[in-house]
Amino acid sequence: MTEPQTLQLKLPHLDVAALSWGPADGRLVLCLHGFPDSAWGWRKMAPLLAERGMRVVAPFSRGYAPTGPAADGDYHIGALMYDALAVHTELGAPADAVLIGHDWGAFTSSAIAAYPDSPFAEHISMAVPPVGAINKTRGPVGRQLRMMPQQLRNSWYIVFFQLPGLPERLLPRVIPRLWRDWGPPGYPTDAELNEALAALPSPAHRRAAVSYYRALARPSRPAPRYRELDRWRFELPRAPVLHLQGAQDGAMMAEYAEQVATVLPSGSRVLTIPSAGHFLQIEQPRVVADAVLDYLDSR
């Protein structure tokens with residue numbers, strides 16, 4: 001498997017470490033990871049895009065080593081958007097760049113697709129459909145009530161993460177359980193799991209990872225520099241979106257993605273991958289890469 005280059009991006013507000021595959025002059029594909037993961041979660045899929053001449057760059061998100069915790073301690077979605085836009089600028093601000101996000105990266109990608117001034121040519125989300133589209137396609141109350149108990153069971157960790165102190169201490173034990181619960185059995189993901197744990201080596205890193213969920217659930221405001229971006233976090237995308245969902249996802253029920261294509265902009269596409277769970281780019285990298293390339297070719 002092709003080994004990536006390591007990049008050190010000195011952004012005006014944050015030093016970001018990243019992995020890179022493919023030629024330096026290739027079309028930029030910026031891949032954003034989620035929780036509990038790291039930039040290494042793209043190691044199986046990225047070379048498949050690089051084979052097509054693309055330059056795949058996967059940053060370690062704020063809070064994840066070797067990028068490390070953000071000095072301002074802000075983990076709102078607006079801050080994640082700000083980071084992605086700053087990385088795009090640092091890499092030359094190409095007008096044809098592609099943004100791919102998984103999990104928290106999907107929150108970010110979908111929010112940037114809703115942002116009127118997105119500099120990306122294409123926006124792709126994985127595992128978490130655009131929240132603005134979910135809100136418009138929840139369907140009848142009966143359907144919502146039927147789905148709610150299972151989704152609440154899947155989301156127990158979000159409530160747990162609101163407790164003070166304890167989640168940070170127990171996270172090394174919680175993460176392996178989440179990986180086991182979120183994906184179909186039998187896929188060799190030990191390397192990526194170990195790298196996800198290695199990206200949270202200290203209490204400060206683990207507190208940062210948990211703080212994503214605290215910023216989402218608690219009433220708080222992002223720092224002024226992120227505030228304008230943050231207001232787009234749950235809006236319906238304005239730009240077309242490709243959304244990929246694992247049918248066996250144990251974190252986000254695949255049913256939430258069933259109807260979102262009906263409210264997404266023209267040119268959008270939603271695909272469910274039957275044999276994949278939450279980490280579909282790890283479990284089915286070839287299928288996911290082919291879906292991405294087919295979508296880009298069609299555009």
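This structure is a prediction, so every number in the text was calculated from the model and none was measured.
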(message) Can you see whether H243 engages S110 through a side-chain donor-acceptor pair at a distance of less than 3.5 angstrom?
(response) no
(request) Measure the CD1-CG distance between I112 and L229 for me, rounded to the nearest 0.5 Å. (result) 7.5 Å
(request) Mind checking the CG-OG1 spacing from D83 to T108? Nearest 0.5 Å is all I need. (result) 8.5 Å
(request) Check the surroundings of atom CZ in R138: do more than 12 heavy atoms from other residues, nucleotides or ligands lie under 6.0 Å from it? (result) yes
(request) Would you indicate whether the side-chain heavy atoms of L85 and P119 approach each other to under 4.5 Å? (result) yes
(message) Is there a path of hydrophobic side-chain contacts, each under 4.5 Å between heavy atoms of I/L/V/M/F/W/Y residues, joining V210 to L163?
(response) yes
(request) Consider only side-chain heavy atoms of I, L, V, M, F, W and Y, link residues closer than 4.5 Å, and tell whether F35 and W156 are in one cluster. (result) yes
(request) Taking the side chain as every heavy atom from C-beta outward, state whether H102 and H278 have any pair of such atoms under 4.5 Å apart. (result) yes
(message) Evaluate W21 against L49 for side-chain contact (heavy atoms from CB on, under 4.5 Å), listing each step before the verdict.
(response) CA-CA 9 Å; W21 294 260; L49 302 182; over 6 Å; no
(request) Hey, could you give me the OG1/CG distance between T89 and L11, rounded to the nearest 0.5 Å? (result) 9.0 Å
(message) For a quick test of reading the model, state the closest non-hydrogen atom pair linking P274 to Q248 and the distance between them.
(response) O-NE2, 3.1 Å
(message) Closer than 4.0 angstrom, basic N to acidic O: yes or no for R214 and E168?
(response) yes
(request) Flag the pair W182 / Y157 as yes when their ring centroid distance falls below 6.0 Å, and as no otherwise. (result) yes
(message) How long is the straight-line distance from CZ of R52 back to CG of L293, given to the nearest 0.5 Å?
(response) 4.5 Å
(request) Going by the ring pair (Phe, Tyr, Trp, His ring centres under 6.0 Å) test, name the single residue among Y75, Y226, Y115 that passes it with Y82. (result) Y226
(message) Within the 4.5 Å heavy-atom criterion, are P69 and R62 side-chain neighbours or not?
(response) no
(message) Check this for me: Q162, atom CD, are more than 12 non-hydrogen atoms of other residues, nucleotides or ligands nearer than 6.0 Å?
(response) yes
(request) Report, as yes or no, whether the 6.0 Å neighbourhood of atom CZ on R173 holds more than 12 heavy atoms from other residues, nucleotides or ligands. (result) no
(message) Taking the ring centre of each residue, are Y212 and F161 less than 6.0 Å apart?
(response) no
(request) Using a strict cut-off of less than 4.0 Å between a Lys/Arg side-chain nitrogen and an Asp/Glu carboxylate oxygen, indicate whether D181 and R153 qualify as a salt bridge. (result) no
(request) Mind running side-chain contact (heavy atoms from CB on, under 4.5 Å) on I273 and E283 for me, showing each step along the way? (result) CA-CA 10 Å; I273 300 176; E283 298 151 353; over 6 Å; no
(message) Apply side-chain contact (heavy atoms from CB on, under 4.5 Å) to residues L166 and F160 and explain how you reach the verdict.
(response) CA-CA 9 Å; L166 187 62; F160 173 65; 3.9 Å; yes
(request) Please answer whether the main-chain N or O of L200 pairs with a side-chain N or O of R206 as donor and acceptor at a distance below 3.5 Å. (result) yes
(request) Taking side-chain contact (heavy atoms from CB on, under 4.5 Å) as the test, write out the residues that go with S109, two or more places apart. (result) L99, H123
(message) For S268 versus P240, what's the shortest heavy-atom pair and its separation?
(response) OG-CA, 3.4 Å
(message) Pairing donors with acceptors under 3.5 angstrom, does anything connect the side chains of Q284 and Y187?
(response) yes
(request) Flag the pair M252 / Q245 as yes when at least one side-chain heavy-atom distance between them is below 4.5 Å, and no otherwise. (result) yes
(request) Identify whether the distance between the nearest side-chain nitrogen and carboxylate oxygen of D230 and R227 falls below 4.0 Å. (result) no
(message) Go through it in stages, so that I can follow the logic: the residues are L80 and S61, the test is side-chain contact (heavy atoms from CB on, under 4.5 Å), and I'd like the CA-CA distance, side-chain angles, deciding distance and then a yes or no.
(response) CA-CA 8 Å; L80 308 183; S61 294; 5.6 Å; no
(message) Is there a continuous path of hydrophobic side-chain contacts, each under 4.5 Å between heavy atoms, that joins L48 to L280?
(response) no
(request) Tell me, please, which residues at least two apart from H33 pass ring pair (Phe, Tyr, Trp, His ring centres under 6.0 Å). (result) Y64
(message) Starting from L271, can I reach V288 by hopping between I/L/V/M/F/W/Y residues whose side chains sit under 4.5 Å apart?
(response) yes
(message) Would the distance check show the side chain of T67 and the main-chain N or O of V16 forming a donor-acceptor pair, the cut-off being under 3.5 Å?
(response) no
(message) Let me confirm one number: the CG-CG distance from D249 to L244, rounded to the nearest 0.5 Å.
(response) 12.0 Å
(message) For the CD atom of E192 and the CG atom of D37, what is their distance to the nearest 0.5 Å?
(response) 8.0 Å
(request) Just jot down the salt bridge (Lys or Arg N to Asp or Glu O under 4.0 Å) partners of R238, sequence neighbours excluded, or say none. (result) none
(message) Salt bridge check, R225 against D74: does any charged N sit closer than 4.0 Å to a carboxylate O?
(response) no
(request) Please confirm whether the backbone N or O of D190 pairs with a side-chain atom of N194, one donor and one acceptor, at under 3.5 Å? (result) yes
